[in-house]
Amino acid sequence: EVQLVESGGGSVQPGGSLRLSCTPSGTTGSTRTMAWFRQVPGKEREGVAAVGTDDMTTYADFVKGRFTLIADNDKDTLYLQMNSLQPEDTAMYYCAAGRQGIPRWRLLMKVEYDYWGQGTQVTVSS
């Protein structure tokens, strides 16, 4: 089974930055689509950013220009650099792994992902 471990969440003031990390294990040598989702109480989990097995990335409109995916192949870690954080970014952030070959237009759909981390909380407040 694929296991995902997230870290890097915390509390930050508006305009601040955080870098989330996701390290997968148990991939059995297969590359997978990787993504970050977020969820607040009472709402659906929503896609934030994803990178497909073709190395193409996609971002949700609400984070474009602020968040960036960074893949470190040597460390087998996917980072989400989060800049210019705002209170509406407050959520539990989850790393997810899915199958190979997910079409780019479906990369932010949660149904495409089979494996999920436990989440890391991001809180943005003054």
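All residue numbers in this chain count up from 1 along the given sequence.
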Taking all atoms of both residues into account, what is the closest heavy-atom pair of Val2 and Ala97, and its distance? CG1-CB, 4.5 Å
Test: disulfide (SG to SG under 2.5 Å). Region: residues 44-73. Which pairs qualify, not counting sequence neighbours? none
Heavy-atom nearest pair, Arg45 first then Lys110, reads O-CD, 3.8 Å
Report yes if some heavy atom in the side chain of Arg106 is under 4.5 Å from a heavy atom in the side chain of Val111; otherwise report no. yes
Is any side-chain heavy atom of Asp76 less than 4.5 Å from a side-chain heavy atom of Pro24? yes
Please report the interatomic distance CZ(Arg19) to OG1(Thr68), rounded to the nearest 0.5 Å. 9.5 Å
pair Ser11-Ser125: side-chain heavy atoms closer than 4.5 Å: no
Using the rule that two of Ile, Leu, Val, Met, Phe, Trp, Tyr join whenever any of their side-chain heavy atoms come within less than 4.5 Å, decide whether Val124 and Phe62 are in one cluster. yes
Under a plain distance cut-off of 3.5 Å, with no hydrogens placed, do Thr23 and Thr77 share a side-chain donor-acceptor pair? yes
Looking at Tyr115, I'd like to know if the NZ or CZ of Arg32 sits under 6.0 Å from its six-membered ring centre while staying within 45 degrees of the ring's axis. no
Got a sec, which residues hit side chain to side chain contact (heavy atoms under 4.5 Å, CB included) with Leu20, two or more places apart in sequence or on another chain? Trp36, Leu80, Met82, Tyr93, Thr120, Val122
Do you know the tightest heavy-atom contact between Cys95 and Leu4? O-CD1, 3.4 Å
Would you check if the side chain of Glu6 reaches a backbone N or O of Gly119 as a donor-acceptor pair within less than 3.5 Å? yes
So which pairs with a foot in residues 77-90 pass salt bridge (charged side-chain N to carboxylate O under 4.0 Å, His left out), sequence neighbours left out? Arg38-Asp89, Arg66-Asp89
Counting only N and O atoms by type, is there a donor-acceptor contact under 3.5 Å from the side chain of Thr58 to the main-chain atoms of Ala50? no
Are Leu69 and Tyr94 joined in one hydrophobic group, where the rule is that I, L, V, M, F, W and Y side chains link up if heavy atoms are under 4.5 Å apart? no
Identify the heavy atoms of Gly15 and Gln86 that sit nearest to each other, and give their distance. N-NE2, 3.9 Å
When you look at CD of Gln118, are more than 12 heavy atoms from neighbouring residues, nucleotides or ligands closer to it than 6.0 Å? no
So, Ser126 side chain and Gln13 main chain: donor-acceptor pair closer than 3.5 Å or not? no
Report yes or no: do Tyr59 and Tyr79 belong to one cluster of Ile/Leu/Val/Met/Phe/Trp/Tyr joined by side chain heavy-atom distances under 4.5 Å? no
Could you tell me the separation between the CD1 atom of Ile102 and the CE atom of Met34, rounded to the nearest 0.5 Å? 11.0 Å
Are Val48 and Val51 linked, directly or through intermediate hydrophobic residues, by side-chain heavy-atom contacts shorter than 4.5 Å (ILVMFWY only)? yes
With sequence neighbours excluded, residues passing side-chain hydrogen bond (donor to acceptor under 3.5 Å, both in side chains) with Asp54: none
Among residues at least two apart in sequence or on other chains, which ones pass side chain to side chain contact (heavy atoms under 4.5 Å, CB included) with Val40? Lys43, Ala91
Holding to ring-ring contact (aromatic ring centres under 6.0 Å, His included), I want the full list of residues that pass it with Tyr113, two or more places apart in sequence or in another chain. Phe37
Checking side chain to side chain contact (heavy atoms under 4.5 Å, CB included) for the pair Thr90/Gln121: CA distance, chi angles, key distance, verdict? CA-CA 8 Å; Thr90 296; Gln121 179 68 38; 4.0 Å; yes
Do Leu78 and Val63 share a hydrophobic cluster, counting only Ile, Leu, Val, Met, Phe, Trp and Tyr and linking them when any side-chain heavy atoms are less than 4.5 Å apart? yes
